[in-house]
Amino acid sequence: MAGPSFQALPGFRDFIPRECAVRNYLFETWRSVARRCGYVEYETPILEDTALYLKKSGGELSAQLFRFEDQGGCDVTLRPEVTASLARLVAQHQRDFPKPLKWFEIGQCFRYEKPQKGRGREFHQFNVDIIGEAGPAADAELIALAIETMLAFGFVAGDFVVRASDRNAWITFAAARGVADDAMADFLNIVDKIEREKPEVLEQKLAVFGITTAQVRAFIADPANASPAYLAIRDDLTARGLGGFIELDLSIVRGLAYYTGVVFEVFDSKKSMRAVAGGGRYDTLVATISDGAVDLPATGFAMGDYVIRNLIEETTHAAMQMEVWLQRNNANCDVYVVIADETKRAQSLKLVTELRRAGISADFPLNPAKVSKHFQSAEKSGARFALVVGAEFPELKLKILASRTEETGNAETAVDWLADRLQQPDGPLLA
RNA sequence: GUGGUCGUAGUUCAAUGGUAGAGCCCCAGAUUGUGAUUCUGGUUGUUGCGGGUUCGAGUCCCGUCGAUCACCCCA
């Protein structure tokens, strides 16, 4: 590595073809499940006015912004998440759409934090939201999508679980013990850290509110404290046959300040990783972002690409499903044209163009080389067929690479011939 | 931001303080139109960078940068 060399910035990734294929697998799965469940895709800019994020998130997230001044002197930020943009978009365009809105976006986000397992400074996230419906049916519909997404990746019962809670249960708990409304956020923050904070510190912090750790733990432990919304969601999911995937876990509060009600996280069953996905209800965010101009209830969640990929790779059956997909989508082309006789290169080029225009993916060697070389290239391309153009043109030979068998045909009808041939299975098939 | 571990060829890794190597990959070839295997040949390093100890440092020490893991937080 002599001399100056460049590499990707810390926490940023290059997607070589294999990585890109994996990413596409995630994206295609996300997209297909969302569409199957009636969600439509939208997209927002990755660069936004910094104030958009300072306005609602604050705290830790605002310390992790990729923030700078543009050439016009504007304070701008690479988005750390898409919910704020969505709220902005919805506030502006909501009148154009019947409610509820069921929308999703697959987009790249940026956070300046220390890269580690499951976390980079750049990541892709599947963001799904239902806006304009305040009832638990919306939360259930959303959580059902999260579950369906996991199933689509090949996970089964026992691989993952959705843990859900309700901030309202805590607000009721705290209010009954005299916690003031304006201190509620602080109280929720303490509860959020109950498993991570040192016991003495925890006890001390709770004492400010006249509450003990024991009381909090007892509240978490008692299923009777489940909120009506949670129960409605559980029944809804049970009716869908998905009841086994959801669990009450009142210790989940989630850090982001804008959550207002039911919150949930998707975990691997062993809980050996970070949350695969997380979300919840944020009924006041749209009003906050629009300064009260538009007030719509909302619920949503996000799934990041890092953790889901790790979990897929560590779960044998999900990993195999991905491998099969990658194999199927691995070929550079369907047909590799071998130019066995260089004097037929012009005819070969015409043939390649015809195939391509007919929707048949075709490739060929750019330079003269020995025929064996061409076949090696055909092999490496992953193509199913090698179409040999030789001295006997317009007669053509079609070699089925997997079975090493050969057929003959004519250049005049090559397009139809190959289109038909591609429909038929042959040789040792991929699953 | 706070800690632990680790930096050798494109890559995966060797080298009791004593001449920097191997597999894989890639490229070219093995007598004129067919892929595997095999065989032959070839490219690539100021051992991350900078100091120090030593007759001598890839190896030991310090610094720095980078990678990675954990904490914090979160997708």
Side-chain angles (χ1 to χ4, degrees), chain A residues 1-13 16 18 26 30 57-65 79-83 105-128 146 149 189 192-193 196-198 252-257 259 263-267 273-280 300-311 336 338-344 368-383 385-393 395-406:
Chain A
M1 248 171 276
S5 63
F6 294 104
Q7 57 179 317
L9 259 25
F12 284 77
R13 300 169 288 182
I16 56 177
R18 152 100 196 173
L26 299 181
W30 283 340
S57 308
E60 196 68 30
L61 198 59
S62 58
Q64 296 183 338
L65 300 179
R79 64 180 178 198
E81 50 139 358
V82 313
T83 309
E105 169 166 9
I106 296 169
Q108 198 172 23
C109 298
F110 306 84
R111 292 183 195 176
Y112 194 89
E113 63 180 327
K114 196 123 177 173
Q116 55 193 288
K117 189 173 186 187
R119 289 291 180 267
R121 286 180 174 176
E122 151 276 322
F123 57 96
H124 291 274
Q125 140 180 126
F126 176 42
N127 223 265
V128 190
T149 302
N189 254 326
D192 185 42
K193 291 184 170 58
R196 301 189 292 266
E197 194 75 88
K198 289 177 186 165
I252 289 176
V253 178
R254 296 186 61 74
L256 289 178
Y259 287 117
V263 288
F264 68 93
E265 296 179 337
V266 180
F267 279 100
M273 298 180 185
R274 299 158 186 279
V276 178
F301 83 95
M303 180 179 289
D305 65 335
Y306 272 87
V307 179
I308 190 68
R309 179 174 177 182
N310 288 345
L311 188 57
Y336 194 93
V338 169
I339 304 176
D341 182 343
E342 269 306 316
T343 66
K344 299 292 184 286
K370 294 189 174 179
V371 176
S372 64
K373 206 73 183 169
H374 287 195
F375 272 92
Q376 280 176 19
S377 298
E379 183 76 16
K380 284 176 187 169
S381 76
F385 301 115
L387 186 59
V388 185
V389 181
E392 59 283 350
F393 186 89
E395 185 183 307
L396 301 174
K397 283 180 185 159
L398 183 69
K399 187 136 187 178
I400 295 94
L401 290 168
S403 62
R404 302 188 168 225
T405 54
E406 215 171 58

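By convention in this document, chain letters (A, B, ...) are assigned in the order of the sequence lines, proteins followed by strands, and residues within each chain are numbered from 1. All values derive from a computational prediction rather than experimental measurement. Computed over heavy atoms, backbone and side chain alike; hydrogens, waters and symmetry mates excluded.
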Does [X] reach a base, just sugar-phosphate, or nothing at all? Heavy atoms under 4.0 Å.
X	answer
Val388(A)	base
Lys344(A)	nothing
Gly278(A)	sugar-phosphate
Arg196(A)	sugar-phosphate
Ala391(A)	base
Lys370(A)	sugar-phosphate
Gly120(A)	base

When the distance from [atom1] of [X] to [atom2] of [N] is rounded to whole Å, what number comes out?
X	N	atom1	atom2	value
Arg121(A)	rA75(B)	CZ	P	18 Å
Lys373(A)	rA30(B)	NZ	C1'	12 Å
Arg111(A)	rC73(B)	CZ	P	14 Å

**OP:** Over 60° means perpendicular and under 30° means parallel, so classify the ring planes of Phe301(A) and Phe264(A), tilted if in between.
**Re:** tilted
**OP:** Please figure out whether Pro115(A) or Gly118(A) has its closest RNA chain B nucleotide nearer the 5' end.
**Re:** Pro115(A)
**OP:** Select from Lys114(A) and Gln376(A) the residue whose nearest nucleotide in RNA chain B is closer to the 5' end of that strand.
**Re:** Lys114(A)
Original post:
Does Phe12(A) CZ have over 12 foreign heavy atoms under 6.0 Å away?
Top reply: yes
Original post:
If we require ring centres under 5.5 Å and near-parallel planes under 30°, does Tyr306(A) stack on rA75(B)?
Top reply: no
Nearest-angstrom distance, [atom1] atom, [N] to [M]:
N	M	atom1	answer
rU16(B)	rU59(B)	P	13 Å
rC71(B)	rC39(B)	P	49 Å
rU19(B)	rG63(B)	P	29 Å
rG4(B)	rC74(B)	C1'	22 Å

Original post:
Looking only at N and O atoms, is any donor in the side chain of Glu122(A) or the base of rA75(B) less than 3.5 Å from an acceptor on the other one?
Top reply: no
Original post:
With a 3.5 Å cut-off and just heavy-atom distances, do the side chain of Glu392(A) and the base of rG33(B) make a donor-acceptor pair?
Top reply: yes
Subject >> Which nucleotides of RNA chain B pair, in dot-bracket form (Watson-Crick or G-U under 3.5 Å, | meaning another strand) >> reply: (((((((..((((....[..)))).(((((.......))))).....(((((..]....))))))))))))....
Subject >> Under 3.5 Å donor-acceptor, Arg111(A) side chain and Arg79(A) backbone >> reply: no
